[in-house]
Student: 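Can you read through this structure? Questions will come right after.
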Amino acid sequence: MNNTLVILLGPTGIGKTDLGIDIALYFNTEIISCDSRQFYREMSIGTASPSNKQLKKVKHHFINHISVTDYYSASRFEDDFMDLAKKLFARYNILLMVGGSGLYIDAAGGRIDKIPDVDPSVREKYLEKFHNEGLESIRADLRLLDPYYYRIVDLKNPKRIIRALEICETTGKPYSFFLQKKGKGRNFNIIKVGLTMDRQELYRRINERVDRMIAEGLEEEARELLEYRNCNALNTVGYKEMFSYFDGEISREKAIELIKRNSRRYAKRQLTWWARDDDIKWFHPQEKEGIIRHIETVKRNDEETK
RNA sequence: GGUGCCAUAGCUCAGUUGGUAGAGCACAGGACUGAAAAUCCUGGUGUCCCUGGUUCAAUUCCAGGUGGCACCA
């Protein structure tokens, strides 16, 4: 295989955007964003989306391509990505994906199984049941419909249980039936480059970036999106805390403090997600030359062993 | 300078009628297959300021020291 997808990943605030642009320029290619919040065109300050200036340097895809009122998912992203990759690989033999959304990166890499679409009303039904009758009630349903998954699922996590139930009901087969865990295989090579740094340094960067967002007008951006607060897209660090402040539940200072804390915690969850992925080669964001050399070396090896 | 109060986890503090201690926040670790910046689980991280004394035993009581705060000079 001669085509290569380089995935530049790392926790929020580590400096993926700038480094990604440099690397894309070096390889003379385009950037495919994989950030589940930068997709939304109405959100930009709080999501630290690339600036217009940055967008002009390198062609970016999947930035501002949907609205906060749209439904979107990892599966849709996979479809959109595969369509785009097919087109772009006609012109480039190397593409750069940049982002921090672990599940979406896995989707692009063919690591999530093909599972039929479900009617939103089924999810609604189980959500309602959960709210009215409690966790124990939907657990009991799952035990009946998919006893295998019941044994391995996090039984305290309603989202996991409801997701399984909606698949069971829609397809008539247990959710676990669809979890093949084999991976789909892709007709391009994948090189994963992870960015990491000392925790203290990362947290300092995150805190400073939140202060910058506030200075740039995050509060005003959030205020304009207040009417969409029930959309999933607005269930996002930086916005939900501002909404609490608008509601009078917390002070402005407290909101800023919580945005910092929740961003730090998010970064930690991202690192935990990737900790089990042995395909990732880790670098400090300052090691640009080392990263480029690594990409060139692996790419050459992949092409020789096609 | 004098008097009083305080000193316990990273922070704010509680507590031990003397048997080496616990809350909140911060933090640490983990899970994760179409909501994923979402959702969920686990964990107390400690020279109880220092030095003596009393005691079987002191973080706790006593004395001195050091530091902080308040008031008086």
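Just so it is clear: chains get the letters A, B, ... in the order the sequence lines come, proteins before strands, and each one is counted from 1.
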Student: Using the C1' atom in both, what is the distance from C61(B) to C48(B), to the nearest Å?
Tutor: 15 Å
Student: Please tell me if Asn232(A) has a side-chain N or O lying less than 4.0 Å from either OP1 or OP2 of A36(B).
Tutor: yes
Student: Whether Arg160(A) contacts A31(B) is assessed here as follows: a side-chain N or O lying under 4.0 Å from the phosphate OP1 or OP2. Is that the case?
Tutor: no
Student: Distance check needed: A31(B) C1' versus Leu271(A) CG, whole Å only.
Tutor: 15 Å
Student: Between Arg223(A) and Glu219(A), is the closest basic N to carboxylate O distance under 4.0 Å?
Tutor: yes
Student: Which part of the nucleic acid does Gly102(A) contact within heavy-atom distance under 4.0 Å: base, sugar-phosphate only, or nothing?
Tutor: nothing
Student: Measure from the ring center of Tyr104(A) to the ring center of Phe81(A) and say whether it is less than 6.0 Å.
Tutor: no
Student: Please report the distance, rounded to the nearest Å, between CH2 in Trp274(A) and C1' in U33(B).
Tutor: 17 Å
Student: Determine the contact category for Phe77(A): base if any of its heavy atoms lies under 4.0 Å from a base atom, sugar-phosphate if only primed atoms, P, OP1 or OP2 are that close, otherwise nothing.
Tutor: nothing
Student: For nucleotides G30(B) and A14(B), find the distance between their C1' atoms and express it as a whole number of Å.
Tutor: 31 Å
Student: What integer distance in Å separates Ile115(A):CD1 from C32(B):P?
Tutor: 15 Å
Student: Below the 4.0 Å mark, does A35(B) have OP1 or OP2 next to a side-chain nitrogen or oxygen of Tyr72(A)?
Tutor: no
Student: Report yes if a side-chain nitrogen or oxygen of Arg265(A) is closer than 4.0 Å to either non-bridging phosphate oxygen (OP1 or OP2) of G30(B); otherwise report no.
Tutor: no
Student: Pick the nucleotide of RNA chain B nearest each of Glu257(A) and Leu127(A); which residue has the one closer to the 5' end?
Tutor: Glu257(A)
Student: Can you tell which of U39(B), C32(B), G34(B) lies closest to the side chain of Trp273(A)?
Tutor: C32(B)
Student: Could you give me the CA-CA distance, side-chain angles and deciding distance for Arg143(A) and Tyr150(A), then say whether side chain to side chain donor-acceptor pair (under 3.5 Å) is met?
Tutor: CA-CA 5 Å; Arg143(A) 186 163 47 214; Tyr150(A) 181 86; 3.0 Å; yes
Student: Across all strands shown, which nucleotide pairs with A36(B) by Watson-Crick or G-U wobble geometry, both distances under 3.5 Å?
Tutor: none
Student: Should the pair Glu303(A)-Lys299(A) be classified as a salt bridge under the 4.0 Å nitrogen-to-oxygen rule?
Tutor: yes
Student: Using OP1 and OP2 only, check whether a side-chain N or O of Arg163(A) sits under 4.0 Å from U39(B).
Tutor: no
Student: Charged N to carboxylate O below 4.0 Å: is that the case for Glu249(A) and Lys240(A)?
Tutor: no
Student: With distance as the sole test, does Gln54(A) use its side chain to make a donor-acceptor pair with the main-chain N or O of Ile21(A) at under 3.5 Å?
Tutor: no
Student: For A23(B), what is the paired nucleotide under Watson-Crick or G-U wobble rules, both distances under 3.5 Å?
Tutor: U12(B)
Student: Give me the distance, rounded to whole Å, that separates C50(B) from A7(B) when you measure between the C1' atoms they each carry.
Tutor: 11 Å
Student: Return the value, rounded to whole Å, for the distance between atom CG of Leu179(A) and atom P of C32(B).
Tutor: 11 Å
Student: Quick one: label Thr12(A) by what it contacts on the DNA or RNA (base, sugar-phosphate, nothing), any heavy atom closer than 4.0 Å.
Tutor: nothing
Student: Looking only at side-chain atoms of Thr272(A), point me to the closest of U39(B), C32(B), G34(B).
Tutor: C32(B)
Student: Please check the phosphate of A35(B) (OP1 and OP2 only) for any side-chain N or O of Ser73(A) closer than 4.0 Å.
Tutor: no
Student: In whole angstrom, give me the gap between the P atoms of G24(B) and U45(B).
Tutor: 14 Å
Student: G29(B), OP1 or OP2 - any side-chain N/O from Lys268(A) closer than 4.0 Å?
Tutor: yes
Student: By nearest nucleotide on RNA chain B, pick out whichever of Ser75(A) and Ser263(A) is the more 5' one.
Tutor: Ser75(A)
Student: Give a yes/no on whether any side-chain N or O of Tyr203(A) is located under 4.0 angstrom from OP1 or OP2 of A28(B).
Tutor: yes
Student: On the nucleotide A31(B), are OP1 or OP2 found under 4.0 Å from the side-chain N or O atoms that Lys156(A) carries?
Tutor: no
Student: Examine the base of U33(B) for any acceptor or donor lying under 3.5 Å from a partner atom in the side chain of Asp113(A), and report the outcome as yes or no.
Tutor: yes
Student: Please classify the nucleic acid contact of Tyr104(A) as base, sugar-phosphate, or nothing, using heavy-atom distances under 4.0 Å.
Tutor: sugar-phosphate
Student: Tell me if the aromatic rings of His65(A) and Tyr72(A) count as close, with their centers under 6.0 Å from one another.
Tutor: yes
Student: Taking only the side-chain heavy atoms of Ile112(A) (C-beta and beyond), determine which of U33(B), A28(B), A35(B) contains the nearest atom.
Tutor: U33(B)
Student: Please report the distance, rounded to the nearest Å, between CG in Asn235(A) and P in C40(B).
Tutor: 10 Å
Student: Starting at atom NZ of Lys254(A), determine the distance to atom C1' of U12(B), rounded to an integer number of angstrom.
Tutor: 12 Å
Student: With heavy atoms under 4.0 Å as the rule, sort Arg76(A) into base, sugar-phosphate or nothing.
Tutor: nothing
Student: Taking the same atom, P, in G22(B) and in G15(B), what whole-Å distance lies between them?
Tutor: 15 Å
Student: For the P atoms, the ones on C72(B) and on C11(B), what distance do you get once it is rounded to whole angstrom?
Tutor: 31 Å
Student: Compare side-chain N and O positions of Arg37(A) against OP1 and OP2 of A36(B) and report whether any pair is under 4.0 Å apart.
Tutor: yes
Student: Work out how far the C1' atom of U3(B) is from that of U16(B), and round it to whole angstrom.
Tutor: 29 Å
Student: State whether Tyr149(A) places a side-chain N or O below 4.0 Å from either non-bridging phosphate oxygen (OP1 or OP2) of C32(B).
Tutor: no
Student: Expressed as a whole number of Å, how far does the C1' atom of G34(B) sit from that of U39(B)?
Tutor: 15 Å
Student: Return the pairing partner of C69(B) with a 3.5 Å limit on both distances, Watson-Crick or G-U wobble; otherwise return none.
Tutor: G4(B)
Student: Of all residues at least two apart in sequence or in a different chain, which pass the side-chain contact (heavy atoms from CB on, under 4.5 Å) check with Ser44(A)?
Tutor: Ser49(A), Glu221(A)
Student: Could you tell me which nucleotide pairs with U47(B) by Watson-Crick or G-U wobble geometry, both distances under 3.5 Å, or answer none if nothing does?
Tutor: none
